[in-house]
Amino acid sequence: MVRNSIRFPGRLRALLPVALLPALAGCGMVVLDPAGDVARQQGNLVMISTALMLLIIVPVMVLTALFAWRYRASNRDATYRPDWDHSTQLELVIWAAPLLIIICLGALTWVGTHLLDPYRPLAAAKARAPGAPDADRERPIDVQVVALDWKWLFIYPEQGIATVNELALPVGRPVRFRISSSSVMNSFYIPALAGQIYAMPGMETKLHGVFDRPGSFTGFSANYSGAGFSNMRFAAKSLSDAGFTAWVAQARAAGGTLDTAAYLKLERPSEKEPVRRYAAVEPRLFDRVVNLCVDPGKMCMHDMMAIDARGGMGREGAYNVRALAYDKFAARGTAPLTLRPTRYVAAICTTPMVSADRQSPAPVDPAPLRGVGLSRPDAPVAGRTARADTPAAAARPLS
């Protein structure tokens with residue numbers, strides 16, 4: 001068999017890697033050149049960690065080549081010592097240098113992990129934009145995020161609007177994301193703003209960040225979630241105060257209300273959804289998404305937990321089920337009910353319970369931080385309030 005192959009001269013073969021370098025021009029450097037303070041600190045952490053590791057990697061690679069050349073078979077000047085097996089000085093260098101680097105990496109990672117905790121509010125000095133020292137700009141803007149199949153829903157409770165596959169934030173003002181999912185797990189990621197964090201059904205995660213320069217960036221899901229995953233992207237815009245106000249006005253002028261019926265229709269699987277805006281949002285919709293009770297008549301998870309904390313409903317609770325009218329487990333209503341009959345626990349309260357929003361703690365001054373990232377023993381613990389799922393809270397009447 002004769003194989004046809006392309007052969008290059010020796011010099012040309014050596015230049016091939018150089019010829020491929022222009023192809024790297026299409027690679028984005030947003031992770032190392034972001035537009036947000038949190039992402040910038042994360043990028044610096046990566047660069048410093050890489051530099052510390054190179055302190056060992058580079059000398060090892062250089063010495064490997066040096067030893068191979070120095071003690072080659074043809075070098076008659078090299079000292080030949082076949083019985084040599086130990087050197088205390090060399091052992092000290094070999095073990096001490098990596099140990100010091102590991103200690104530095106451990107300290108850097110420990111402090112950075114706590115300072116860059118996604119649940120931790122930004123310090124006021126980090127959140128304040130140049131030339132805007134007023135307290136209103138230090139107050140974070142709330143954005144509720146829902147990962148749908150396969151698009152992103154953003155709810156602005158303060159502005160009373162919602163958007164699909166479009167996120168806009170005022171530059172210099174911190175943002176607090178409350179993130180959940182309607183069906184499967186996704187990963188919410190805006191490389192220019194902050195690190196990624198998972199969006200999971202029946203759970204709520206948080207993420208804090210701030211844009212420090214205007215621009216238009218890309219956000220996406222970094223966790224495979226099905227057929228439409230590759231198109232699960234959205235525009236993340238960093239706007240001036242005037243631009244953000246105008247954007248909110250455009251959303252309100254778009255008309256339409258995101259109520260229960262509109263949400264149940266929106267959450268059905270679809271791909272390549274265009275940008276969509278809603279002028280109004282049904283109150284507490286995000287809390288019902290988190291508690292998996294957007295479907296009419298379905299009991300919310302916090303109601304179930306309150307009942308369980310009180311010992312259950314007794315014999316009546318065994319029969320508290322209803323036929324599922326909207327089959328979540330068969331692609332959200334795309335399959336007939338007869339193919340997969342499913343049942344769910346029905347609501348029993350005449351007045352729906354409202355889960356208290358667990359506010360983030362007050363911003364923490366990182367100055368006294370000494371590694372653990374927690375309050376010092378002699379410092380009072382601020383912002384501690386009763387949680388909605390404590391036994392005391394669960395003992396309240398259901399309706």
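The figures here come from the full heavy-atom set of this structure, side chains too, leaving out hydrogens, waters and symmetry mates.
- In Met53, the CE atom is crowded: over 12 heavy atoms of neighbouring residues, nucleotides or ligands sit closer than 6.0 Å.
- Between Ala222 and Phe229 the shortest heavy-atom distance is C-CE1, 4.3 Å.
- Of the possible polar contacts, one joining the Gln42 side chain to the Gly195 backbone as a donor-acceptor pair under 3.5 Å is found.
- One side chain, Ser270 or Glu273, offers a donor N or O that lies under 3.5 Å from an acceptor on the other.
- Residues Ile197 and Phe154 are members of one and the same hydrophobic cluster, defined by side-chain heavy-atom contacts under 4.5 angstrom among Ile, Leu, Val, Met, Phe, Trp and Tyr.
- A donor-acceptor pair under 3.5 Å is formed between the side chain of Ser221 and the backbone N or O of Asn223.
- Contact check for Glu267 versus Leu153: no side-chain heavy atoms found under the 4.5 Å cut-off.
- With hydrophobic clusters built from ILVMFWY side chains whose heavy atoms lie under 4.5 angstrom apart, Leu92 does not share a cluster with Trp84.
- Listed for the Asn291 side chain is no donor-acceptor partner under 3.5 Å among the backbone atoms of Cys293.
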Test side-chain contact (heavy atoms from CB on, under 4.5 Å) applied to Leu108 and Ser49, step by step: CA-CA 8 Å; Leu108 180 69; Ser49 300; 3.8 Å; yes

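- Met185 and Met203 end up in the same hydrophobic cluster when Ile, Leu, Val, Met, Phe, Trp and Tyr side chains are linked at under 4.5 Å.
- In this structure, Phe244 CZ and Arg173 CZ are separated by 7.0 Å, a value rounded to the nearest 0.5 Å.
- Side-chain N or O atoms of Asn165 include none that pairs as donor or acceptor with a backbone N or O of Lys151 at under 3.5 Å.
- Arg213 contributes no side-chain N or O that, together with a main-chain N or O of Gly36, makes up a donor-acceptor pair within less than 3.5 Å.
- Of all heavy-atom pairs between Val289 and Ser181, the closest is CG1-O, 4.3 Å.
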Criterion side-chain contact (heavy atoms from CB on, under 4.5 Å) on Glu204 and Phe286, from CA distance to verdict: CA-CA 10 Å; Glu204 177 185 329; Phe286 179 77; 4.0 Å; yes

message: Using side-chain contact (heavy atoms from CB on, under 4.5 Å), reason through Phe234 and Phe188 one step at a time and then give a plain yes or no.
response: CA-CA 11 Å; Phe234 61 91; Phe188 180 73; 3.5 Å; yes

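- Screening Asp142, Asp287, Thr205 against Arg178 for a side chain to side chain donor-acceptor pair (under 3.5 Å) leaves a single residue, Asp287.
- In terms of heavy-atom proximity, Ser187 sits nearest to Gln196 at OG-OE1, 2.6 Å.
- Within the 3.5 Å criterion, the main-chain N or O of Pro34 finds a donor-acceptor partner in the side chain of Arg40.
- Atom OH of Tyr189 has more than 12 neighbouring heavy atoms from other residues, nucleotides or ligands inside a 6.0 Å radius.
- Closest non-hydrogen pair, Ile141 versus Pro170, comes out as CD1-CD, 4.3 Å.
- At a threshold of 4.5 Å between non-hydrogen side-chain atoms, the residues Lys237 and Leu167 do not count as touching.
- Distance alone, capped at 3.5 Å, places no donor-acceptor pair between the His208 side chain and the Arg176 backbone.
- Rounding to the nearest 0.5 Å gives a distance of 9.0 Å between CG of Leu264 and CG of Asp259.
- Taken to the nearest 0.5 Å, the CD atom of Gln250 stands 11.5 Å off from the OG1 atom of Thr245.
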Taking distance alone, no hydrogens or angles, what donor-acceptor pairs closer than 3.5 Å link side-chain atoms of residues 59-73 to residues at least two apart or in another chain?
| residue | atom | partner | partner atom | Å |
| --- | --- | --- | --- | --- |
| Thr64 | OG1 | Val60 | O | 2.7 |
| Arg72 | NE | Ser74 | OG | 3.1 |
| Arg72 | NH1 | Trp69 | O | 2.7 |

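- Not a single donor-acceptor pair under 3.5 Å links the side chain of Asp295 to the backbone N or O of Lys298.
- A donor-acceptor pair is defined here as one N or O able to donate and one able to accept, closer than 3.5 Å; no such pair exists between the side chain of Thr218 and the backbone of Ala235.
- Across every non-hydrogen atom of Ala227 and Trp150, the tightest pair is N-CZ2, 3.5 Å.
- Looking at heavy atoms from C-beta onward, Ser225 lies in side-chain contact with Met232 at the 4.5 angstrom threshold.
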field: side-chain contact (heavy atoms from CB on, under 4.5 Å) between Val38 and Leu193, intermediate numbers included
entry: CA-CA 7 Å; Val38 175; Leu193 179 64; over 6 Å; no

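- Looking at Asp149 and Val184, their side chains come closer than 4.5 Å, going by heavy atoms from C-beta outward.
- The closest side-chain heavy-atom distance from Arg252 to Trp247 is not below 4.5 Å.
- In this structure, Ala236 and Ile190 approach most closely via the heavy-atom pair CB-CG2, 4.0 Å.
- In the hydrophobic clustering of ILVMFWY residues, with side-chain heavy atoms under 4.5 Å counting as a link, Leu54 and Ile48 come out together.
- For the pair Leu105/Ile103, no side-chain contact is recorded, criterion being any heavy-atom separation below 4.5 Å from C-beta on.
- Atoms CG and CE, from Asn44 and Met47 in turn, are 8.5 Å apart once rounded to the nearest 0.5 Å.
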- request: Go through the steps for Glu282 and Arg288 under the test salt bridge (Lys or Arg N to Asp or Glu O under 4.0 Å), then give the verdict.
  value: CA-CA 11 Å; Glu282 183 177 311; Arg288 291 167 60 198; 2.4 Å; yes

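- The side-chain heavy atoms of Arg139 and Glu158, taken from C-beta on, include a pair separated by under 4.5 Å.
- Taking the six-membered ring where the residue is Trp, the centroids of Tyr278 and Tyr156 are separated by 6.0 Å or more.
- Val143 is listed as a side-chain neighbour of Leu169, based on a closest heavy-atom distance under 4.5 Å.
- No continuous path of hydrophobic side-chain contacts links Val275 to Val281 [ILVMFWY only; heavy atoms under 4.5 Å].
- Just one of Leu100, Ile101, Ile57, Ile102 meets the side-chain contact (heavy atoms from CB on, under 4.5 Å) condition when paired with Leu52; it is Ile101.
- For Trp152 and Phe220, the ring centers sit 6.0 Å or farther from each other.
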